[in-house]
Structures are given as structure tokens and as C-alpha cells.
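Each remark here refers to the structure printed beneath this line.
Since this is a predicted model, take the numbers as computed values, not measurements. Only heavy atoms go into these numbers, but all of them, side chains included; no hydrogens, no water, no symmetry mates. Starting from 1, each residue takes its place in the sequence as its number.
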Amino acid sequence: MSQRKSSSKAAQPAAAAAATEPAAPPRAARKPSAAATRRAQQAAMHAQTTEAVTPTHDPRAAKASYTAQPAMTATIAPSASVLVKDPKRADNWKKLPVEQLTDADILAMPDEEYMNDVQLAYFRRKLQQLKHDILLNAGETTEHLREDTVVVPDPADRATIEEEHALELRTRDRERKLLKKIEQALARIDSGEYGYCEETGEPIGVGRLLARPTASLSIEAQQRRELKQKLFGD
């Protein structure tokens, strides 16, 4: 009994001393390691990526809603520039001089008058006019190139001028080849072979000659030649 009283008396001063001591400061939170931080960042990026690519709709919905559309057939409108035989002009070649005749007048001529003197004179005049225009353009190109020989300091302007010259020279080169065909067509008029296919001897047709006065092949022969060139080359 006396021992319990003495122990309680000894405990009272110890409790009082403990109460008067300041409380220990809380332990600082442990900073995460660099590896843990990287893993957390990678996990967050993976979550964002997964959310971005996850479809928000059922992919089967688009497939189910798709219905095949009927095939569209392209309709090509006839060209307005295509000449049509006008019976009212059939006798104009007898009444008018060659200088006043038009393409429609030549097309309306009877088939038995194919490549008569009037038609040959008309196509000769047409070819000579085409030749004159090409030579005139060539002269203008030469004069234009001579005027643009001044050196331009700006590289952009100089490149533009050079590109224009290259385009103009390519155009003149095509016209040079056409000029050779015109000379050949005029020679065929002089020899009486103009208007007839070089391969088959059949009439080329007034309509084709009006569209391409230098034509030396019928449409069928031209198609065969182009097919042969495509298959076997030049």
C-alpha cells in the first residue's frame, strides 16, 4: 500500500515535467525520388494519350449508316464550236469569191465537190495565213528577247524574266514544228494530194481539215499510228 503511494507520488512530478516540455516538431514529408517523379509523369502522359485516341462513338455506327451511292455517269456536252452542215450555204461557193467564203460555206459544199479548185484555194489561203501569223510571232519574240538583254539586279525579277523567256521559246519551238507541217501541206496542194490520207488514200474529210489544216492522215489512220507509238515507241 505504501509502495503504491510512493510510486504515484514519483510519477506525478514526471508527468508534470512531460507536460511542460515543448512538443516535438512534426517530421518533414519525404520528397519523392527522381525516378518516382518520372514514372508519375509517364503515367500521366499515357493517360492523356489513351484518352485522346479513344473513340467517342461506336465505329460500327458509321459502317451501319453507310449506303452505297449509285454510280454517276458523266455527260459531256457537245462543243458549241462544232460546225454543222447548213443546206442553205451549199451553193455559196459558186456565188462568192474565195476571200469571202467561211468554214461553214466550205463544209456545206456537196461531197462530190470534195477538193475541187475552190476548196484547194480556200485551204491554201488558210495555210498561208497561219504561216504568216507564225512568222509574225517569231519576229516579235526576237525583238522582245533583244529588248530584255538589260541585266536586272534583283534575283527574283531576273528569275521571272528568264522563266518568261523560256516559256516563249518553247511556244516558238512548237510553232516552228507547225511551220514545217504547213510547208508540207502546201506542197501536197501543189501536187494534188492534199485532203487524202497518206496511208490509205481515203479522203480525210472537210471537217477534220477545217479543224487541222495540216492533217495528212484520216482519223482512223491517226488513231492506229498513235496506238502503235504507244505500244512500240517511236
Side-chain angles (χ1 to χ4, degrees), residues 74-142 144 165-234:
T75 303
I76 301 176
S79 174
S81 61
V82 176
L83 293 175
V84 181
K85 272 194 173 186
D86 185 359
K88 297 179 181 180
R89 296 175 175 267
D91 294 331
N92 283 0
W93 66 279
K94 297 179 181 179
K95 307 172 185 177
L96 300 175
V98 176
E99 293 78 10
Q100 296 181 10
L101 291 175
T102 63
D103 289 357
D105 295 329
I106 298 299
L107 186 64
M109 291 177 61
D111 294 339
E112 57 269 16
E113 301 294 340
Y114 183 73
M115 289 301 118
N116 63 0
D117 293 341
V118 174
Q119 287 191 359
L120 289 176
Y122 182 83
F123 282 110
R124 181 190 295 276
R125 187 170 181 272
K126 198 177 187 70
L127 289 166
Q128 289 175 343
Q129 182 63 42
L130 185 58
K131 177 181 177 180
H132 176 268
D133 294 341
I134 292 177
L135 293 176
L136 183 62
N137 292 336
E140 292 178 355
T141 299
T142 304
H144 183 208
H165 288 176
L167 178 61
E168 195 167 0
L169 289 174
R170 285 196 296 269
T171 303
R172 298 291 87 80
D173 184 62
R174 288 194 295 268
E175 292 182 350
R176 179 183 58 82
K177 296 177 182 178
L178 178 59
L179 187 62
K180 182 179 179 180
K181 293 182 178 180
I182 292 174
E183 296 289 354
Q184 294 173 349
L186 290 172
R188 288 197 301 274
I189 290 178
D190 294 336
S191 63
E193 299 175 355
Y194 184 81
Y196 295 92
C197 179
E198 289 182 344
E199 290 188 357
T200 63
E202 299 175 353
I204 295 176
V206 174
R208 175 167 168 77
L209 290 172
L210 290 173
R212 187 182 295 271
T214 59
S216 60
L217 298 172
S218 63
I219 295 179
E220 295 78 7
Q222 183 67 34
Q223 291 175 346
R224 287 194 299 269
R225 175 172 292 187
E226 291 176 356
L227 180 60
K228 187 182 297 182
Q229 289 176 351
K230 184 183 295 186
L231 293 176
F232 306 105
D234 297 337

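- Scanning for side-chain hydrogen bond (donor to acceptor under 3.5 Å, both in side chains) contacts around Lys131 gives Glu183, with sequence neighbours left out.
- Shown here are the salt bridge (Lys or Arg N to Asp or Glu O under 4.0 Å) partners of Glu199, two or more places apart in sequence or in another chain: Arg225.
- Of all non-hydrogen atoms in Met109 and Glu113, the two that sit nearest each other are CE-CB, 4.0 Å.
- Note: Ile182 CD1 to Leu130 CG = 3.5 Å, rounded to the nearest 0.5 Å.
- Atom CG of residue Leu127 and atom NE2 of residue His132 lie 14.5 Å apart, to the nearest 0.5 angstrom.
- Contacts of Glu193 classified as side-chain hydrogen bond (donor to acceptor under 3.5 Å, both in side chains), with partners at least two apart in sequence or in another chain: none.
- Annotation for Gln119 and Ile106: closest pair NE2-O, 3.9 Å, computed over non-hydrogen atoms.
- The list of ring pair (Phe, Tyr, Trp, His ring centres under 6.0 Å) pairs with a residue in residues 173-192, not counting sequence neighbours, is empty.
- The side-chain hydrogen bond (donor to acceptor under 3.5 Å, both in side chains) test applied to Asp133 returns Gln129, not counting sequence neighbours.
- Checking each of Gln222, Lys228, Lys230 against Glu226 for a side-chain hydrogen bond (donor to acceptor under 3.5 Å, both in side chains) leaves exactly one that passes, namely Gln222.
- Every residue two or more places apart in sequence or in another chain was checked for a ring pair (Phe, Tyr, Trp, His ring centres under 6.0 Å) with Tyr122, and none qualifies.
- The list of salt bridge (charged side-chain N to carboxylate O under 4.0 Å, His left out) pairs with a residue in residues 118-129, not counting sequence neighbours, reads Asp103-Lys126, Arg124-Asp190.
- Under the side-chain hydrogen bond (donor to acceptor under 3.5 Å, both in side chains) criterion, Asp111 pairs with Lys85, not counting sequence neighbours.
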Listing, residues 201-216 side-chain donor-acceptor contacts under 3.5 Å, not counting sequence neighbours, or none:
unit_1, atom_1, unit_2, atom_2, d
Arg208, NE, Leu217, O, 2.9
Arg208, NH2, Leu217, O, 3.3

Side-chain donor-acceptor distances from residues 88-96 under 3.5 Å, at least two apart:
unit_1, atom_1, unit_2, atom_2, d
Arg89, NH1, Asp105, OD1, 2.8
Asn92, ND2, Asp105, OD1, 2.9
Trp93, NE1, Ala90, O, 3.1

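- Partners of Lys177 by salt bridge (Lys or Arg N to Asp or Glu O under 4.0 Å), not counting sequence neighbours, listed by chain and number: Asp173.
- To the nearest 0.5 angstrom, Leu178 atom CG is 7.5 Å from Glu175 atom CD.
- Residue pairs meeting the ring pair (Phe, Tyr, Trp, His ring centres under 6.0 Å) criterion with at least one member in residues 191-228, sequence neighbours excluded, are Tyr114-Tyr196, Phe123-Tyr194.
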